[in-house]
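In what follows, a structure is listed as structure tokens, so that the remarks can point back to it.
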Amino acid sequence: MTAIAHKPARKPVRGRDIVWMILPAIPFVLLLAGWTIYWAIVRPNMGTLPPVWTVAQTLWQITASGELLGHIIASLGRLVAGVSVGIVTGVLLGFLVGLNKRAAEFVYPLVIFFSAISGIVWLPLVIGWLGLGPALFIFLIWNTVFFLVFQNTVLGVQLVSEVLELGVRTLGGSRLHTILNVTAFGAMPYIMSGIRSGLGFGWRALIAAELVGASSGLGQMIFHAAEFHRADIILAGCVVIGLLSLLMDRLILVPLERRTIERWGLVTPGAKGA
Amino acid sequence: MTPTVQGDKIVVENFQHIFDSADGPIEATGRVDLTIPAGQFVTLVGPSGCGKTTLLKAIAGFIDPTHGRILCDGAPVTGPGRDRGVVFQELAILPWRTVRRNIAHGLEIARAPRQEIDATVKRLIELTGLVGFEDRYPHELSGGMKQRVAVARTWAADPDVILMDEPFAAVDAMTRLTLQEELASLSYQTKKTVFFITHSVDEAVFLADRVLVMSRRPGTIKASIEVPRRTPGGRDWESFTTDTDMQAIVEKVLRLVREEKTAHKKDSAPVALEAAG
Ligand SMILES: Nc1ncnc2c1ncn2[C@@H]1O[C@H](COP(=O)(O)OP(=O)(O)OP(=O)(O)O)[C@@H](O)[C@H]1O
Ligand SMILES: [Mg+2]
């Protein structure tokens, strides 16, 4: 990739943007085509696999009735809360451990121990402790996001070149100044990567939690549909979750990366996964 | 930028550093004693791997010496500080700061007034030939330009002592000549104490008040050669290359360095040879 030229030319960038938006759709189109062909030949039971157009119709119905929007708002609220708590705690503890050998010795065994225990295991206990309220969702999402962000942050902090930090120390920078102006920036590619996986796995944890402990939300919508063998609603729910996750990536993470780690040449544009 | 105090700026006493590695201790340097008076420009030449960078890092306060001690203005060095600026052998400017903000960094830390920062940055950007690149990020610059930013950044912070580790190695030959002349006049005018490592004997003699030659690893200082200042304001390459006294010093230093290389070859020590200058 050529570095940003003298003045970023507006027109060509726009043209490339459109191609960039269209090309990734091809695998999705192929997937839909495969599904349609399979359905036309095999004619599976509607309760297990409905055709594409039925799912599309259902999606339209629940959208038009406003039902979907209510679920989306409920789920997004929980996701944002849980992921935020996960990112903040993961980054803070990640810095502590990455910067301090002593802290690492204390915290690491604990983290490894608990990272192996999935949310499902906690669920029966945590319902007892926290009830079926927002705290339950936040905990279960945190339980996934935290570990991903933490591990990535530790690695990122440890990989920041020491010479960058020493250089700023010789300019008179305090340790805190150096952490905020060197380590925090240098660790960003890894932190971003942790946040990206954290968001994806945060969705998984959220839907799982909602299957059990909610009266609204996309997970609840899917759970409810399953009771009535409405595969069309289940698939519509999957489509919505996938699209929302994709949108968050494209509208928040990708632009953020463009303006930061890509702008600074810390990562090569396009080298990361979508 | 007031002229600095009289007396000994840097004192290295009975210094030696030994690294612990997986294969046992590595003697990075031999015993080194060195006194640098305030305002002196000292250059250091020696075979690759002889311990030049290790000595510089100890003076900078990055490593705790195994033996001996290091004093700056009479006080033991315990860590890095803004009184001792460093231009590193590897690149150390921050990728997330533009050229301007990298150069301004030291002054920002010192909370200098805006106008002073702007004026200093402007002057150094002109001096190092970076005009027009003020708002670029380092990854958009060439290797030589990045190194010039590193020099400007250290200079802008205005430390009493400047430690430089082959700062011009990645700069093109033409720019290097200009930078060397500018460095000579700047440091003489501002009476800075400079400790400058290089592989180029010409560069070492051109810049120095005193050239130190280090023996091969574990390196000790085997010779110290005074270089008289002809013109008080600075030096230029034209008069340097035609000055027979200067050329005699170059030859002398070259001979001392060559001795180390040939001795080194005979020993067939497993350290890479690097051409001087
Ligand atoms: N962190 C380290 N751990 C172990 N050994 C080291 C370390 N740093 C340097 N050394 C060893 O110490 C010796 C001196 O290294 P130093 O970097 O001071 O050499 P130098 O004179 O600056 O060489 P050059 O001219 O190639 O830069 C070398 O043999 C090197 O292998
Ligand atoms: Mg070196």
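Reminder, nothing fancy here: chain letters follow the sequence lines and each chain counts from 1.
The neighbour count for B:Lys57 NZ, taken as heavy atoms of other residues, nucleotides or ligands under 6.0 Å away, does not exceed 12. Remark: A:Phe28 CZ is loosely packed, at most 12 non-hydrogen atoms of other residues, nucleotides or ligands lying under 6.0 Å away. Other residues, nucleotides and ligands contribute more than 12 heavy atoms inside 6.0 Å of the CZ atom of B:Phe168. When the shell of 6.0 Å around CZ of A:Arg258 is examined, it contains more than 12 heavy atoms from other residues, nucleotides or ligands.
Between the CG atom of B:Asp83 and the OG1 atom of A:Thr170 there is a distance of 10.0 Å, given to the nearest 0.5 Å. Here the straight-line distance linking atom NE2 of A:His177 with atom NE2 of B:His105 works out to 3.0 Å at 0.5 Å rounding. The distance from atom CH2 of B:Trp96 to atom CG of A:Asn181, rounded to the nearest 0.5 Å, is 9.5 Å. Atom CD of A:Glu262 and atom NE2 of B:His139 lie 10.0 Å apart (nearest 0.5 Å). Note that CG of A:Leu171 is 9.0 Å distant from CG of B:Asn102, once rounded to the nearest 0.5 Å.
Contact annotation for B:Leu107: neither backbone nor side-chain heavy atoms come within less than 4.5 Å of a heavy atom of chain A. Contact of B:Ala92 with chain A is made through backbone and side chain together, with heavy-atom distances under 4.5 Å. Contact annotation for B:Arg153: both backbone and side-chain heavy atoms come within less than 4.5 Å of a heavy atom of chain A. No part of B:Leu163 comes within reach of chain A, as not one of its non-hydrogen atoms sits under 4.5 angstrom from that chain. At a 4.5 Å heavy-atom cutoff, the contact between B:Pro95 and chain A is made by backbone and side-chain atoms alike.
For B:Ile93 against A:Leu164, the heavy-atom pair with the smallest separation is O-CD2, 3.4 Å.
Residues of residues 134-145 of chain A lying under 4.5 angstrom from chain B, judged on non-hydrogen atoms, do not exist here.
Looking only at side-chain heavy atoms (C-beta outward), B:Val86 and A:Leu166 stay at 4.5 Å or farther from each other.
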